[in-house]
Amino acid sequence: MTEVVPADAYGTRAVEVLRRYRTPTGEQWSVGSGYLITAELVLTAGHNVGPVGPLGGSGGRNETCELLVRFFDEREHRAEVVALGSSADADIALIRLADGHRLQGDVAPVRFATVDRSATRSVPGCWAVGFPRYKQKAWPGRTTSKRDSEHLEGTIPPGADLRRGLLGFRVTATPAGLGTGGSQWQGISGTLVFAPDGRARPRAVGVVTEHHLPEGSSSLTVVPVTALSPVGVDGVTRVWDLLDIPDPDAVPRLPAMSSPERPYGTGPGPTGARMTLKRFLVDFGGREAELTRISTLLRRHAGRGAVIVVYGMGGVGKTSLATHIGHLLADDFYHARVFVELGGMGAVEVPVPAAMQQLFDAFGVPDSAIPQSPGRRAELLQSLYHEGPTLLIIDNATRERHVEPLLPREPGPTSVIVTSRSSLPNLDGVRRIHVRPMASDEALATLAGFVEDEEVLEDRESALRIVGLLGGLPLALRLVGAIINGPTMRDQPLSALARRLEDEERRLTYLDNEDRGVRASLEASYRTLPEATAGCFRALGLVPGVTFTTGLVAAATATDPSTAHLWITELLNAQLLETTPQAADRYRAHDLVRLYARQKAREVDPPTVLDDTVRRIVNWYVEASRISLMPPSSAHRPSSEALAWFGAEDVNVMAAAEAARKTGAWDAVGALAEALRPLLWYQRRWEESQDIEEAAVEAANRREEPQRELEAIIQLAEARRKSGRPEDTVVLYERAVQISRAHGGPSLEGWVQTHYGDMYCDLKRREAALERYDTARSLFESGGGVGDLIWLSAHYIDAHRQFGDPREAVRVAERMLPMAAEPSQSVWVHWHVALARADLGQYAEAEDSLQISVDHHRTVHDDAGLAHMLLLLGEVRAAAGRTNAARVALAEALNLAERVNVPRMVRQITEDLDHLHEGRPLRGALAPDSDL
């Protein structure tokens, strides 16, 4: 069972630190004090804990020891040393509860401070809780005595122990002396000493390490907490990092320096006049990384002042994030937390004098005390920044010149967060944090915080769909949360809302209400754009894909690349575009921004302009895709350059083909299908092949091009077969036979009849399949060539294998191999007959045939074909019991398949390797019905 320590119970977090020695003569104890500073870390004196473990050579003793932490309720837990000082001047240690133990509940963070050694007055009101020897007493019902805690009070004189860099803690306790000698203070070492800051909040300043007098009033020696700075954890991590204190030099100094007007940091706590932040939102969720980073920066620069620009697109939650941090860091900025609204982004911009007036009002400066001279007004503002720890939030900044006059000029206790849709690149000396839309898990958790009925989100599939449709935009998430909580969704499943949001034409309408909306937020950014840039933005709303390059932007807008790049930069600065991590010259728009741009284009631009823009976009993809048809690409082997282009543009170019189909741009559809065909087949992407070939069939039919229609029909039928849909191809093959007879010779019809036979093999109709092959052979013999017959022989071989007659398959191959006039023809027969030999258990012969195919594909640099041959070779070797050789072939195959992006093959090889590891048989690619 774990303990729960109240968040505000500072005293109850004092612990005893025990070292239990086990020696040949018995057990001995040493007792010290410590303090729980986090849910699992204890700060104590170094000599209380070290050394721990075997102590051979320590004073000649043969002993071991164990480290324990005893809590105020007497529960004990083992502990381990995390960091240990190595000298008397750094007699300080950090220990952690062992075995993953940690306290539950809210453990208030310990705030640290240092003592200003240049001060002339002592730090009063200091206190500590420890376990000294004089508190050890016999307890009723116990045979042994135990120690209780002691609360010590006193002062810290800044001038004591300067040479050693230590502190003196003068306490008022006066314990009675021991008649037997020794010190009543024994056990007080390790006690954490606290001193009050300007608001009487406790701050830890050091750890007691020495006690000089055996009894009576004493000055205890304290190691400052800054002694932790040189102590490392595992030689890498600083102790301060574990305590979430990135810069110990930035912690407050006590006693605070004073001025004639007011002691710094000793003014009143935040009142209505000094706390003008927006309301704290209890349902604020997510943004843990941003909260941590900004809080760390603010604390690291405490006393010197930090300026942080938080920027991102509209609706991403910049203002909410800054405001939330302001509330969370109330203790750090206890003098004032001030919110200044600059308007910006479509609203009326607040001029600098009006912004200054907001600050004077927040600091409670009466109008009569505000100078008329601009220079003296600025001086007054700067003086206010030095009164105490202040956080200034400047919201909705658009230009650097509106922010600069409001910033502190000198180092001091005031820090600033500026929110903007721009990164304000010309504002020097600031830290910038880009706030992006949330990832799906974070967005889902945030949406859950907005929804009152938790059961609604039990439909996780619909919830994730909604989060995806909103693109993780916090404003949209909050608006959808309001919809879910409202009357329109009462008794409605979450899937109903998901279906509504899937309607791209109305999605933004659902995300608007009377007071705010996503559209209004984006409109504010749009209105700041120059006219030409706004036109570019609208054109990009018509781009059918997900990402795009400068070249496409130039084509869409009928301009040159340099002008397009200028517009892209302006859109990036307005947070209406973002770069992608895949490449330097690749950009994307958030889904909701893209929908807004498209709707804006339809509102502003005439239909002819819209049509021309889409035509230019599609034609750009047509020209770019021709890379797959130009040397060194071939019909069955795209070049590496073509594959690289397709890897970056596959989603986009497929979307462009669909856009061309919808607009009736049939020439473009046909051209895209021709260019994409070898790429999709090379990567075995059968589903996408079906989509593009269906469009190609329609395009050829519309243009009355029977030859192209025939080719597209056969490719569509093959893609359906590979996808497991042979029954959907009969009509296609009948149409193909009609076209081939009407518009082609015997060789063309033989090609169609062969594919028709393959379909019957899929349907397990042996006689019908062989009948089609025989028809094809007659046609090839009458009007074809040897190459046609060799190509057909592989189909015979596969059919005989599939129908359980591998011997006949081998006989077909033996008849055809002598006819092969080219290496490619021989290889075609070899790798097919290798599978039939494997069926017969003739693994050596099968491996020989496959090795010929492997060597050929390696020579012609056909990586996809080589991966396929190596996959088959690996499975043959595995069937022959040659596991290690199989693993070598499969490993190379996997590397190649991943390189050329063949997902189906990658899955098959990965499965084979798993089966090899588990000792199970492999037959995936060798199976007669394999789709590879």
Side-chain angles (χ1 to χ4, degrees), residues 313-314 346 503-509 512 518-578 585-625 649 651-672 695 699 702-703:
M313 66 177 290
D503 183 354
E504 290 191 346
E505 300 300 320
R506 302 187 63 190
R507 190 181 307 165
L508 289 177
T509 302
D512 281 335
V518 173
R519 193 198 313 269
S521 177
L522 298 176
E523 182 76 19
S525 294
Y526 174 79
R527 285 202 298 264
T528 66
L529 299 175
E531 183 177 352
T533 309
C536 174
F537 175 69
R538 297 193 301 273
L540 293 180
L542 304 177
V543 172
V546 177
T547 65
F548 46 84
T549 62
T550 302
L552 176 62
V553 177
T557 55
T559 191
D560 58 274
S562 60
T563 302
H565 187 266
L566 174 63
W567 292 340
I568 289 171
T569 301
E570 290 176 339
L571 291 172
L572 287 170
N573 289 336
Q575 298 301 311
L576 291 171
L577 287 185
E578 60 184 5
D585 182 34
R586 187 162 291 276
Y587 311 93
R588 70 178 299 274
H590 187 277
D591 288 347
L592 298 179
V593 174
R594 178 176 53 82
L595 293 180
Y596 171 78
R598 183 187 305 168
Q599 292 181 8
K600 202 69 183 174
R602 292 171 180 171
E603 292 174 11
V604 175
D605 299 317
T608 54
V609 171
L610 301 181
D611 293 342
D612 288 344
T613 302
V614 173
R615 176 181 52 78
R616 288 194 296 267
I617 292 170
V618 170
N619 287 342
W620 184 88
Y621 278 112
V622 169
E623 293 303 317
S625 66
E649 295 283 5
V651 174
N652 306 317
V653 71
M654 292 295 294
E658 180 60 23
R661 183 179 187 178
K662 287 181 178 179
T663 57
W666 302 117
D667 289 346
V669 170
L672 286 170
R702 298 270 189 155
R703 293 183 297 168

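In this text the structure is predicted, and so the values were computed from the model without any measurement.
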key: Sequence neighbours excluded - salt bridge (Lys or Arg N to Asp or Glu O under 4.0 Å) pairs with any residue from residues 539-560   =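 For residues 539-560, and leaving out neighbouring residues, there are no salt bridge (Lys or Arg N to Asp or Glu O under 4.0 Å) pairs at all.
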
message = By the salt bridge (Lys or Arg N to Asp or Glu O under 4.0 Å) test, which pairs, at least two apart or in different chains, include something from residues 531-556?
response = R538-D605

Measure the spacing between [atom1] of [X] and [atom2] of [Y] and express it to the nearest 0.5 Å.
X    : Y    : atom1 : atom2 : result
E623 : S625 : CD    : OG    : 8.0 Å
L595 : R519 : CG    : CZ    : 10.0 Å
L522 : L508 : CG    : CG    : 7.0 Å

For the residue pair [X] and [Y], what are the closest heavy atoms and their distance?
X    : Y    : result
A574 : L529 : CB-CD2, 4.0 Å
L576 : A589 : O-CB, 4.0 Å
G541 : A597 : CA-CB, 3.6 Å
P544 : A659 : CB-CB, 4.1 Å

Does any part of the side chain of [Y], heavy atoms only, come nearer than 4.5 Å to the side chain of [X], both counted from C-beta?
X    : Y    : answer
L572 : I568 : yes
L540 : L571 : yes
W620 : V543 : no
L577 : W567 : no

Of all residues at least two apart in sequence or in a different chain, which pass the side chain to side chain donor-acceptor pair (under 3.5 Å) check with [X]?
X    : value
T613 : R616
R703 : D667, E705
Q575 : H434
R661 : E698

query = Listed by chain and number, what are the salt bridge (Lys or Arg N to Asp or Glu O under 4.0 Å) partners of R594, not counting sequence neighbours?
reply = E504, D591

request  = Name all residues meeting the salt bridge (Lys or Arg N to Asp or Glu O under 4.0 Å) criterion together with D612; count only those two or more places apart in sequence or in a different chain, and write none if there are none.
outcome  =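 Expected list: R615.
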
query = Is there a side-chain contact (heavy atoms from CB on, under 4.5 Å) between N652 and F548 once you walk through the steps?
reply = CA-CA 8 Å; N652 306 317; F548 46 84; over 6 Å; no

Test side chain to side chain contact (heavy atoms under 4.5 Å, CB included) applied to [X] - qualifying residues, sequence neighbours left out:
X    : answer
L566 : E570
V622 : V618, R626, A668, A671, L672
T569 : H565, N573

request  = For the pair F537 and Y596, name the ring-plane relationship: parallel under 30°, tilted 30 to 60°, perpendicular over 60°.
outcome  = tilted

Can I get a per-line list of side-chain donor-acceptor pairs under 3.5 Å for residues 550-557, giving both atom names and the distance, sequence neighbours left out?
{"residue": "T550", "atom": "OG1", "partner": "D585", "partner atom": "OD1", "Å": "2.5"}
{"residue": "T557", "atom": "OG1", "partner": "V553", "partner atom": "O", "Å": "2.7"}

task = Go through the steps to decide whether V518 and R507 satisfy the test side-chain contact (heavy atoms from CB on, under 4.5 Å), and finish with yes or no.
result = CA-CA 10 Å; V518 173; R507 190 181 307 165; over 6 Å; no

